[in-house]
Novice: 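First the structure, which I've put down as structure tokens, then a few questions once you've had a look.
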Amino acid sequence: MSFPWANQYQPQNGFMKWMDEKLPLPRLVYNAIGAGYPVPRNLNYMWNFGVLAGFCLVLQIVTGVVLAMHYASDASLAFGKIEHIMRDVNWGWLMRYAHANGASFFFLVIYLHIFRGFYYSSYKAPREMIWLLGVVIFLLMMATGFMGYVLPWGQMSFWAAQVITGLFEAIPLVGAPIKTWLLGGFAPDDATLNRFFSLHYLLPFVIVGVVILHVWALHIPGSSNPTGVEVKSESDTVPFHPYYTAKDGFGLGVFMILFTIMVFFLPNALGHPDNYIEANPLSTPAHIVPEWYFWPFYAILRAFTYDFLFVPAKLLGVIAMFGSILIWFILPWLDKSPVRSANYRPTYRMFFWILMVDMAVLFWCGGAPAQEPYVMISQIATAYYFMHFLVIVPFISRSEKTAPLPKSITDAVLGQAGATAKGARA
Amino acid sequence: MIRYISLFLGLAFTAAVLWAFGNGAFVAATQGLGEKTADGVFHAHPHAPEGGFSFEGPVGRFDRQQLQRGYQVYKEVCSACHSLKFVAFRDLAQLGYNEAEIKAEAASWQVPGIDPNTGEATTRAGLPTDHFPSPFPNAVAAAAANNNAVPPDLSLMTKARHEGPAYVYSLISGYGAPDPALRAEFPEFETPTGLYFNKYFATLNLAMAPPLTATGQVSFADGTEATIPQMAADVAAFLAWTAEPTLEQRKQTGVWFLGFMIFVTLLAFLSKKQVWSALHTGRKD
Ligand code: HEM
């Protein structure tokens with residue numbers, strides 16, 4: 001599970017020796033995130049986001065459990081309960097703003113974590129399983145985020161539930177019964193709110209489980225690195241502690257500064273004002289938009305405005321929206337290039353940045369009203385999105401000319417001289 | 001094999017979405033990209049009163065005098081139609097009233113109650129723990145009295161609109177006829193009877209008659225001259241407070257916490273540098 005030169009755990013005193021025999025938890029921690037885990041010495045700050053995602057997950061669970069103590073998933077009470085938390089519960093406003101903005105920061109961190117994966121093709125062998133579990137986590141996060149947004153029972157909560165469950169109606173024959181089954185009725189109501197609350201409380205713990213598998217799978221090959229060249233010798237690595245605990249600690253500090261600014265000074269900037277209006281089934285908001293982190297996928301959903309070869313437009317949109325994430329599952333087998341890092345793949349690097357721009361455009365269209373010119377722009381962007389993953393990446397990964405790779409990580413960091421003078425690590 | 005499947009899927013998705021694009025582009029080319037609408041042309045962006053609101057910015061605080069004036073405007077004007085259901089009389093302590101004043105203030109409102117002898121629904125004088133009462137017994141009565149529109153509860157109004165405090169200020173001080181030049185461009189634009197034109201309102205015509213009509217409509221206890229913009233700014237500030245009574249606590253805690261986080265992050269940065277310093281000697285890049 002680790003490199004042969006990894007430090008070995010030595011219990012420091014009688015109690016730790018006793019503990020190590022009965023339940024070697026300290027040993028596990030030592031080998032997982034301590035001095036016993038050798039990590040490439042050249043990881044850049046893009047490798048901080050995994051730990052930050054873990055922090056967000058814990059933050060969401062802690063604030064969420066406190067909120068749940070004061071909440072009621074009853075359609076006639078929910079909206080007022082949120083205001084009760086905001087006004088009457090000690091530090092309730094802090095819990096709620098931290099939870100709402102925490103969800104946004106969680107998604108921000110995860111997007112950067114995933115884009116890091118695209119750039120350095122971290123999904124490639126031997127790390128496919130890490131990636132597959134990651135995509136599962138992302139899907140679970142989306143479900144959790146969507147159901148959480150319904151809980152305050154504001155106008156956007158209600159209408160988002162209506163629109164998203166309405167997507168299932170596009171499925172031929174069984175669509176309408178599936179929608180009714182999901183909602184527990186013909187429109188979002190008490191039954192919907194209760195089941196969404198139940199699942200919203202459950203899913204984060206399912207995510208914890210999948211994260212444990214994700215990190216376990218990570219520890220088998222160990223982290224990749226910005227060169228994409230695998231670890232070859234001891235001089236390529238440093239122990240996780242203190243090197244990466246220190247680096248992750250600093251990253252966490254920067255994260256907390258940005259998070260503090262949002263929570264305390266701009267707490268509603270990422271939300272929608274309509275969600276401060278209580279849900280009203282008789283009044284449809286002018287623009288129904290999901291939360292910002294769904295916008296790129298919402299744009300893909302809405303890009304399919306005409307039936308194609310007898311497939312109804314709505315069904316196409318739903319397939320494309322789910323498909324746009326599901327195709328990430330086969331990415332490790334589509335990208336056949338033996339070189340991992342985009343630093344050494346100039347052609348792929350260019351398409352990576354085009355994809356980033358493309359996703360920014362989709363993001364922008366997804367938040368805009370469903371009007372021209374946004375619809376036409378999102379159609380072009382959607383076309384590129386699918387072309388990128390399903391056509392461009394498989395094609396260029398076979399034909400592109402890559403730049404020469406460094407011989408080893410040490411070589412990349414210290415140059416030839418350093419590689420020969422092995423003692424440089426001190 | 002997987003490459004051929006993916007190629008097929010990729011081309012299928014692309015074809016379907018480009019088909020939609022082609023159709024849309026054809027419609028746009030033959031019919032144009034939507035006309036200018038009256039909504040778009042008449043609509044105006046809300047603006048804060050001159051000098052802005054005292055509670056804006058990272059360390060902004062409420063002006064207690066202004067909140068008291070705003071409360072007076074709410075009580076004497078808006079409460080005829082609008083409820084404030086998330087606010088209790090005891091919350092007025094935050095505006096600087098003492099316990100006795102709050103008791104008296106609460107008692108000056110009639111809230112729904114039950115007759116202790118007959119058990120019948122009646123009204124009684126308010127207590128500090130009561131919330132502000134609704135002026136109408138139910139939504140049907142509210143709509144019947146207001147040209148079919150229910151006056152919304154105002155507790156959260158400034159959070160429920162973009163740039164809420166500026167919006168409320170602009171809306172209630174911004175009635176008036178449409179600009180004649182624009183009016184000439186859209187001769188068919190009419191304000192239906194029973195509605196009032198207001199360039200800040202989303203659909204331009206709303207069912208609320210201008211609530212503030214004349215200077216001196218309210219006589220402020222602190223002697224401030226009650227012009228329409230003054231009353232509008234004060235009630236907007238008051239509603240910003242009702243929407244978020246914890247605003248000051250939030251900003252004050254935030255300043256401390258941010259300072260603390262910056263300090264801790266600085267320490268984290270220094271220790272990271274310290275830990276890595278040995279490794280970095282002889283580094284190439
Ligand atoms: C709750 C959410 C998640 C947590 C807590 C988490 C945690 C972590 C941690 C701690 C690492 C090692 C540090 C790092 O490389 O940044 C990692 C690596 C990785 N994660 Fe995640 N992750 C999450 C979600 C995801 C998602 C959604 C994906 C992709 C769809 C993903 C893909 C990967 C990959 C490919 C690696 C290996 C990177 C490399 O070694 O180069 N993770 N994850």
Novice: Quick one: sort the Y244(A) and W276(B) rings into parallel, tilted or perpendicular, breaks at 30° and 60°.
Specialist: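 Aromatic pair Y244(A)/W276(B) classed perpendicular.
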
Novice: Ignoring hydrogens, what is the shortest heavy-atom contact between P394(A) and S6(B)? Give both atom names and the distance.
Specialist: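 For P394(A) and S6(B), the tightest heavy-atom pair comes out as CG-OG, 3.9 Å.
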
Novice: With a 4.5 angstrom heavy-atom cut-off, which part of Q155(A) approaches chain B: side chain, backbone, both or neither?
Specialist: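 Contact with chain B involves no heavy atom of Q155(A) at all.
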
Novice: Taking atom CD1 of I257(A) and atom OG1 of T265(B), what is their separation to the nearest 0.5 Å?
Specialist: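 Going from the CD1 atom of I257(A) to the OG1 atom of T265(B) covers 3.5 Å.
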
Novice: Which answer fits A88(B), side chain, backbone, both or neither, if we ask what part of it has an atom under 4.5 Å from a heavy atom of chain A?
Specialist: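 When you check distances to chain A, no heavy atom of A88(B) falls under 4.5 Å.
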
Novice: For V263(A), which atoms come within 4.5 Å of any heavy atom of chain B: side chain, backbone, both, or neither?
Specialist: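 V263(A) touches chain B through backbone heavy atoms alone.
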
Novice: Select one option (side chain, backbone, both, neither) describing which atoms of D307(A) are under 4.5 Å from chain B's heavy atoms.
Specialist: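 Looking at D307(A), just its backbone touches chain B.
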
Novice: Enter the distance from Y97(A):OH to T246(B):OG1 here, rounded to the nearest 0.5 Å.
Specialist: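 Going from the OH atom of Y97(A) to the OG1 atom of T246(B) covers 6.0 Å.
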
Novice: What part of T158(B) gets within 4.5 angstrom of chain A, counting heavy atoms only: side chain, backbone, both, or neither?
Specialist: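 Nothing of T158(B), per the 4.5 Å heavy-atom cut-off to chain A.
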
Novice: Just how far is it from atom CZ of F21(B) to atom CD1 of I380(A), taken to the nearest 0.5 Å?
Specialist: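 Answer rounded to 0.5 Å: 4.0 Å.
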
Novice: Contact part of V375(A) toward chain B, heavy-atom cut-off under 4.5 Å: side chain, backbone, both or neither?
Specialist: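 Looking at V375(A), nothing touches chain B.
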
Novice: Could you check E83(A) against K85(B) for salt bridge (charged side-chain N to carboxylate O under 4.0 Å, His left out), going step by step and ending with a plain yes or no?
Specialist: CA-CA 11 Å; E83(A) 280 311 308; K85(B) 65 179 173 188; over 6 Å; no

Novice: What part of W333(A) is in contact with chain B, defined as an atom under 4.5 angstrom from a non-hydrogen atom: side chain, backbone, both or neither?
Specialist: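 Contact with chain B involves both backbone and side-chain atoms of W333(A).
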
Novice: Tell me, for V27(B) versus chain A, whether the close heavy atoms (under 4.5 Å) come from the side chain, the backbone, both or neither.
Specialist: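 Just its side chain gets close to chain A.
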
Novice: Who wins among T14(B), N23(B), L267(B) for the most heavy-atom pairs under 4.5 Å with chain A?
Specialist: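 It is N23(B).
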
Novice: To the nearest 0.5 Å, tell me how far I330(A) CD1 sits from L9(B) CG.
Specialist: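 So the CD1 of I330(A) and the CG of L9(B) are separated by 7.0 Å.
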
Novice: Is the distance between the ring centroids of Y306(A) and W19(B) under 6.0 Å?
Specialist: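 No, they do not, as the ring centres are separated by 6.0 Å or more.
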
Novice: How long is the straight-line distance from CG of L18(B) back to OG1 of T382(A), given to the nearest 0.5 Å?
Specialist: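 One gets 9.5 Å once the value is rounded to the nearest 0.5 Å.
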
Novice: What part of V264(B) gets closer than 4.5 Å to chain A, counting heavy atoms only: side chain, backbone, both or neither?
Specialist: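 Neither part; nothing is under 4.5 Å.
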
Novice: Can you check whether L94(A) reaches R250(B) side chain to side chain, under 4.5 Å on heavy atoms?
Specialist: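 The answer is no, as the side chains (C-beta and beyond) never meet within the 4.5 Å cut-off.
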
Novice: So what's closer than 4.5 Å to chain A heavy atoms on P245(B): side chain, backbone, both or neither?
Specialist: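 When you check distances to chain A, only side chain atoms of P245(B) fall under 4.5 Å.
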
Novice: What distance separates L334(A) CG from I5(B) CD1, expressed to the nearest 0.5 Å?
Specialist: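 Rounded to the nearest 0.5 Å, the CG-CD1 separation comes to 10.0 Å.
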
Novice: Please flag which part of Q249(B) lies under 4.5 Å from any non-hydrogen atom of chain A: side chain, backbone, both or neither.
Specialist: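 Both backbone and side chain.
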
